[in-house]
There are 2 protein chains.
Amino acid sequence: MTAEAAQGYDVRSARPKRADARRNYERLLAEARTAFTEHGTDVALEDIARRAGVGIGTLYRHFPNRTALIGAVFYGELDALLARSRELARAPQPCRALIDWLRAVIDHAGTYRGLSRAFLCAAAEGSAELTRCSEPIHRAGSALLTRAQQAGSVRADVEIADLMQLTNAIALAVEQSPGDPGLADRLLTLTFTGLKAR
Amino acid sequence: MTAEAAQGYDVRSARPKRADARRNYERLLAEARTAFTEHGTDVALEDIARRAGVGIGTLYRHFPNRTALIGAVFYGELDALLARSRELARAPQPCRALIDWLRAVIDHAGTYRGLSRAFLCAAAEGSAELTRCSEPIHRAGSALLTRAQQAGSVRADVEIADLMQLTNAIALAVEQSPGDPGLADRLLTLTFTGLKAR
DNA sequence: ACCTGAACACCGTTCAAGT
DNA sequence: ACCTGAACACCGTTCAAGT
């Protein structure tokens with residue numbers, strides 16, 4: 001399902017949204033995106049509603065809670081991340097491609113302050129909005145992981161779920177350490193080579 | 001400085017606290033500990049004050065913000081973690097000892113829901129209360145790391161700061177995945193062996 | 001069917017008054 | 001010097017009234 005389809009139809013009734021409802025949905029999404037980018041995902045929802053020119057009640061009608069809104073914004077930006085994975089699936093070094101993609105995931109999570117935390121917490125809550133984001137990400141990562149394993153450059157006993165958990169965790173650590181731009185690379189290198197001496 | 005000294009003297013004036021102030025401080029700390037254990041670090045501060053039998057203003061007088069309170073509770077429990085590191089410093093396998101200790105750090109962070117997040121965030125905020133906790137932890141970890149490196153079982157280019165960041169991140173991922181008790185072990189094993197095939 | 005925003009609930013924090 | 005708790009500010013969420 002594309003992002004357009006999700007915007008054009010009511011999720012519950014599966015019927016087309018009324019034109020004004022759809023316009024409000026899109027405005028809220030756009031304002032949420034810029035607000036999250038500027039002030040992080042903890043920004044006041046009332047601000048987002050005001051900037052979108054709708055009442056706070058309308059925001060809640062479209063997005064029952066903050067996580068749902070974060071998930072909807074993130075879902076709309078998945079395409080770039082998935083396109084990058086398809087690109088890297090044809091890169092000459094399968095292992096390098098996997099690491100590069102994990103780095104892209106971390107960078108993307110860093111675009112909104114609070115996103116990676118919401119993502120980690122959502123797994124525990126079982127939020128439908130963020131789960132539908134993590135599924136395509138996992139599939140994309142799985143393809144890159146399998147390719148690197150078949151090339152013999154990555155251990156066969158590594159599972160994508162664990163690797164993504166670790167990547168999310170690194171994204172969070174990186175987000176909390178704004179003064180250390182090289183941290184993401186160092187932690188990914190550590191994950192790749194491991195502690196163990198060769 | 002011991003925990004007793006911190007309780008018995010006013011931090012700013014370095015003078016002995018009045019007896020009632022000291023008693024209130026200790027009661028707040030004890031109630032915070034149990035409240036954090038039972039309901040996580042997001043528990044209402046008013047509840048802690050009420051259970052300690054003091055006004056909310058008294059809580060704020062002793063602990064200017066939530067992070068300070070979390071830090072004070074955590075500081076009082078550092079001894080167990082540091083004792084474990086001294087024990088492991090004499091264990092036969094230096095590398096195993098390091099991994100076991102990282103596991104202990106993760107387990108300890110898991111005793112309060114929200115602690116590892118507060119810890120990661122505090123690094124960015126530069127909270128004095130939590131920084132004084134991380135220093136002895138880093139020193140203890142550094143000793144174990146150096147020993148494993150000198151034994152030749154851990155790579156020489158690994159730095160303790162990165163390793164602790166990664167460990168904190170794992171602790172957070174583990175906390176957010178209560179349904180997966182084996183996650184901590186799997187992620188630590190992954191950190192140890194690395195993705196790279198041998 | 002959808003929008004609005006006043007109203008409610010809740011919680012962190014402060015500070016004037018009291019001991 | 002310290003304690004108290006009413007008061008304030010802020011924010012998430014709901015829902016009766018309106019279009």
Side-chain angles (χ1 to χ4, degrees), chain A residues 7-29 31-32 35-36 38-72 114 117-118 121-122 125 127 129, chain B residues 7-29 31-32 35-36 39-72 113-114 117-118 121-122 125 127 129:
Chain A
Q7 285 169 27
Y9 291 85
D10 183 80
V11 182
R12 308 186 69 173
S13 67
R15 287 193 308 181
K17 282 183 185 170
R18 222 168 65 177
D20 58 343
R22 174 166 179 170
R23 198 172 54 240
N24 284 339
Y25 179 95
E26 282 168 6
R27 278 182 184 164
L28 282 165
L29 212 54
E31 288 303 331
F36 288 165
E38 287 172 15
H39 307 106
T41 54
D42 284 337
V43 72
L45 296 183
E46 192 120 21
D47 283 5
I48 294 175
R50 192 167 353 98
R51 290 186 186 210
V54 302
I56 182 68
T58 303
L59 187 150
Y60 275 93
R61 162 165 269 266
H62 287 288
F63 308 98
N65 52 54
R66 171 169 250 119
T67 309
L69 184 55
I70 296 174
R117 195 186 69 199
C121 294
E125 295 167 14
S127 152
E129 289 82 5
Chain B
Q7 286 169 29
Y9 291 85
D10 182 80
V11 181
R12 308 186 72 174
S13 66
R15 288 194 306 180
K17 283 182 184 169
R18 222 168 65 177
D20 57 343
R22 172 166 181 170
R23 197 173 54 240
N24 284 339
Y25 179 96
E26 283 169 5
R27 279 182 183 164
L28 282 165
L29 212 55
E31 289 301 332
F36 288 164
H39 308 107
T41 53
D42 284 337
V43 71
L45 296 182
E46 190 120 20
D47 283 4
I48 294 175
R50 193 168 352 99
R51 290 187 187 209
V54 303
I56 183 66
T58 304
L59 187 150
Y60 277 91
R61 161 166 271 265
H62 288 289
F63 308 98
N65 52 52
R66 171 169 250 118
T67 309
L69 184 55
I70 296 174
R113 200 165 0 103
R117 196 186 69 200
C121 295
E125 296 167 13
S127 152
E129 288 82 4

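In what follows, every heavy atom counts, from backbone to side chain, and hydrogens, waters and symmetry copies are set aside. A, B, ... follow the sequence lines: proteins, then strands. Residue 1 opens every chain.
Distance, Arg61(B) CZ to dA1(D) P: 9 Å, rounded to whole Å. One interatomic measurement links the two molecules: NE2 of His62(B) to P of dA1(D), which rounds to 14 Å at whole-angstrom precision. Here the C1' atom of nucleotide dC3(C) and the CZ atom of Phe63(A) are 15 Å apart, to the nearest Å. Look at CD on Glu26(B): it is 14 Å from P on dC2(D), rounded to the nearest Å. In this structure, CZ of Arg23(A) is placed 13 Å from P of dC2(C), rounded to the nearest angstrom.
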Atom pairs, N/O to N/O, protein against nucleotides 9-15 of chain C, distance under 3.5 Å?
unit_1	atom_1	unit_2	atom_2	d
dG12(C)	OP1	Arg66(B)	NH1	3.0
dG12(C)	OP2	Leu45(B)	N	3.4
dT13(C)	OP2	Tyr60(B)	OH	2.6

Could you list, one pair per line, each protein nitrogen or oxygen that sits under 3.5 Å from a nitrogen or oxygen of nucleotides 17-19 of chain C, together with the distance?
none

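Closest non-hydrogen pair, Ile48(B) versus Leu28(B), comes out as CG2-O, 3.9 Å. The two atoms that bring Leu45(B) and Tyr60(B) nearest to each other are CD1-OH, 3.6 Å, heavy atoms only.
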Applying the Watson-Crick and G-U criteria (both distances under 3.5 angstrom) with [ ] for crossing and | for other-strand pairs, one obtains for DNA chain C ||.|||||...|||||.||
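For the atom pair Leu59(B) CG and Asn65(B) CG, the distance stands at 10.5 Å (nearest 0.5 Å). Summarising the geometry, atom CZ belonging to Arg27(A) is positioned 15.0 Å from atom CZ belonging to Arg51(A); distances are rounded to the nearest 0.5 Å.
Applying the ring-ring contact (aromatic ring centres under 6.0 Å, His included) criterion to Phe63(A), with sequence neighbours excluded, gives Tyr25(A). Looking at residues two or more places apart in sequence or on another chain, you find a salt bridge (Lys or Arg N to Asp or Glu O under 4.0 Å) between Arg50(A) and Asp47(A). For Asp20(B), the side-chain hydrogen bond (donor to acceptor under 3.5 Å, both in side chains) partners are Arg18(B), not counting sequence neighbours.
Taking the side chain as every heavy atom from C-beta outward, His62(B) and Asn24(B) approach each other to under 4.5 Å.
Taking 4.0 angstrom as the limit, Asn24(A) places none of its side-chain polar atoms (N or O) nearer than this to OP1 or OP2 of dC2(C).
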